[in-house]
Amino acid sequence: MSRTVEGQSQPSAPVQAAYSYCEAVTGQQARNFAYGIRLLPTEKRQAMSALYAFSRRVDDIGDGPLAPGDKKDRLEATRAILGRVRAGEVEEDDTDPVAVALADTARRFPIPLGGLDELIDGVLMDVRGETYETWDDLKVYCRCVAGAIGRLSLGVFGTQPGAAEADHAAEYADTLGLALQLTNILRDVREDAGNGRTYLPADDLAKFGCSDGFAADTPSPGADFEGLVHFEVRRARALFAEGYRLLPMLDRRSGACVAAMAGVYRRLLDRIERDPAAVLRGRVSLPGREKAYVAVRGLSGLDTRHVSRRAVRRPA
Ligand SMILES: CC(C)=CCC/C(C)=C/CC/C(C)=C/COP(=O)(O)OP(=O)(O)O
């Protein structure tokens with residue numbers, strides 16, 4: 001599928017075209033993550049775009065208008081692509097550019113492809129309408145739909161030779177995924193309620209008198225919605241702090257990518273913390289210029305200042 005030019009493996013023209021398709025999907029649809037992905041050198045950027053385009057397809061099936069049975073069939077058909085990738089059966093002239101790009105990415109990078117099966121498993125939980133009693137239960141879902149993306153991304157980034165704690169890198173990448181997903185759940189609490197979904201743990205909702213849900217644009221009488229949001233924000237911040245321990249293990253541009261992706265979501269969390277009821281009124285978002293600013297800070301290492309001392313420890 002690729003040819004060797006001056007010792008460098010270059011994707012063939014059809015594979016390049018497949019990557020261009022995935023990069024276009026990423027540019028158009030990854031409203032928050034595209035800023036970080038753009039900071040990567042070509043090969044890693046293309047690989048992240050292939051992962052994004054595959055994940056977007058899975059998510060879109062889950063969020064789309066099909067009946068649950070049809071969603072399951074479509075998700076299993078998408079899972080079959082992973083089987084073909086593993087078996088080396090995706091040809092570069094395959095009609096599905098996402099499959100072509102993913103197959104090339106899997107050859108170039110040690111990505112744990114099973115993470116994409118986990119993503120499909122997570123979206124199937126959505127299709128079944130599962131709800132979560134406790135944070136431990138919700139964590140299982142978050143690991144599937146976001147932790148797995150962190151672990152796959154780590155396969156693209158790699159860790160620096162001799163990086164301290166490198167044996168914990170996958171754990172931290174997973175935890176950063178959880179931080180992002182919990183932030184995403186808080187941000188989308190109203191939209192999800194409109195689609196009949198509640199992700200926040202039932203025991204947290206009960207503790208703050210919010211078991212009636214979030215279908216209105218003001219909290220229901222007697223509910224301590226602010227208390228609930230602040231509680232979940234604290235949980236997300238702890239996950240960010242733990243997940244950021246990944247950063248010192250990455251090369252500069254991979255670290256910048258992660259800092260930008262996480263930085264945008266951390267700022268969303270800041271906004272949500274300042275005005276919890278905003279998530280009931282609409283979707284909290286950052287202006288494009290602020291996302292670009294976060295990306296520039298990521299590139300200059302400025303957004304890693306809060307990484308704990310222990311995490312930036314280097315081997316002697
Ligand atoms: C190590 C590392 C890179 C960790 C992070 C892993 C990661 C990117 C997880 C994605 C989780 C998430 C909130 C997806 C929503 O995507 P979306 O496209 O629906 O987001 P949007 O609604 O904000 O646009």
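Small disclaimer: the values here were computed from a predicted structure and weren't measured.
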To the nearest 0.5 Å, what is the distance between [atom1] ([X]) and [atom2] ([Y])?
X	Y	atom1	atom2	answer
T183	L239	OG1	CG	8.5 Å
T78	F54	OG1	CZ	6.0 Å
D117	L75	CG	CG	11.5 Å
T131	L200	OG1	CG	12.0 Å
L102	L113	CG	CG	6.0 Å
I272	L186	CD1	CG	5.5 Å

May I ask you to decide whether [X] forms a salt bridge with [Y], counting only side-chain N to carboxylate O separations under 4.0 Å?
X	Y	value
D224	K207	no
R74	D70	no
K71	D126	no

Hits for side chain to side chain contact (heavy atoms under 4.5 Å, CB included) against A18, two or more places apart or cross-chain, chain-then-number order -> P97, V100, A101
Sort and list the pairs that fulfil side chain to side chain donor-acceptor pair (under 3.5 Å) and have at least one residue in residues 48-64, not counting sequence neighbours. Y52-R56, R56-D59, R56-D60, R57-D96, D63-R197
Tell me which donor-acceptor pairs under 3.5 Å the side chains of residues 149-156 have, and how far apart each pair is, sequence neighbours excluded?
| from | atom 1 | to | atom 2 | distance (Å) |
| --- | --- | --- | --- | --- |
| R151 | NE | D174 | OD2 | 2.7 |
| R151 | NH1 | E118 | OE2 | 2.9 |
| R151 | NH2 | E118 | OE1 | 3.1 |
| R151 | NH2 | R143 | O | 3.4 |
| R151 | NH2 | D174 | OD2 | 3.0 |
| S153 | OG | I149 | O | 2.7 |

Which heavy atom in [X] sits nearest to a heavy atom in [Y], and how many Å separate them?
X	Y	result
Q46	P11	OE1-CG, 4.3 Å
Q181	C142	CG-SG, 3.7 Å
A146	G177	CB-O, 3.2 Å
E226	P276	CG-CG, 3.6 Å
G122	C144	CA-CB, 3.7 Å
L39	C257	CD1-N, 4.2 Å

Side chain proximity check, [X] to [Y], heavy atoms < 4.5 angstrom:
X	Y	value
E273	L269	no
W135	L182	yes
M48	F157	yes
I37	E23	no
R237	D270	yes
D204	T134	no
F109	K44	yes
P68	V127	yes

For D121, enumerate each residue passing the salt bridge (Lys or Arg N to Asp or Glu O under 4.0 Å) test, keeping only those at least two apart in sequence or located in another chain. R79
Using the salt bridge (Lys or Arg N to Asp or Glu O under 4.0 Å) criterion, which residues pair with E89? Sequence neighbours excluded. none
Pair L116-V58, side-chain contact (heavy atoms from CB on, under 4.5 Å): steps then yes or no: CA-CA 9 Å; L116 293 174; V58 172; over 6 Å; no
Would you say F240 and Y35 are hydrophobically clustered, going by side-chain heavy atoms of ILVMFWY under 4.5 Å? no
Would V140 end up clustered with L124 when hydrophobic side chains under 4.5 Å apart are linked, directly or stepwise? yes
Check whether the side chains of [X] and [Y] place a donor and an acceptor atom closer than 3.5 Å, and report yes or no.
X	Y	answer
H168	E165	no
Y132	T198	no
S12	E92	yes
Y265	N184	yes
Q10	Q16	no

Counting only pairs under 3.5 Å, give me each side-chain donor-acceptor contact of residues 277-296, with atom names and distances, residues two or more places apart or in other chains.
| from | atom 1 | to | atom 2 | distance (Å) |
| --- | --- | --- | --- | --- |
| R281 | NH2 | D275 | OD2 | 2.6 |
| R283 | NH2 | E191 | OE1 | 3.0 |
| E290 | OE1 | R271 | NH2 | 2.8 |
| E290 | OE2 | R267 | NH1 | 2.9 |
| K291 | NZ | R31 | O | 3.0 |
| K291 | NZ | N32 | OD1 | 3.4 |
| Y293 | OH | R297 | NH1 | 3.0 |

S254 side chain vs L250 backbone, donor-acceptor pair below 3.5 Å: no
When F208, F231, F214 are each screened for ring pair (Phe, Tyr, Trp, His ring centres under 6.0 Å) with F225, the one that passes is F214
Applying side-chain contact (heavy atoms from CB on, under 4.5 Å) to I185 and L138, what does each step give before you reach the verdict? CA-CA 11 Å; I185 286 171; L138 176 60; 4.0 Å; yes
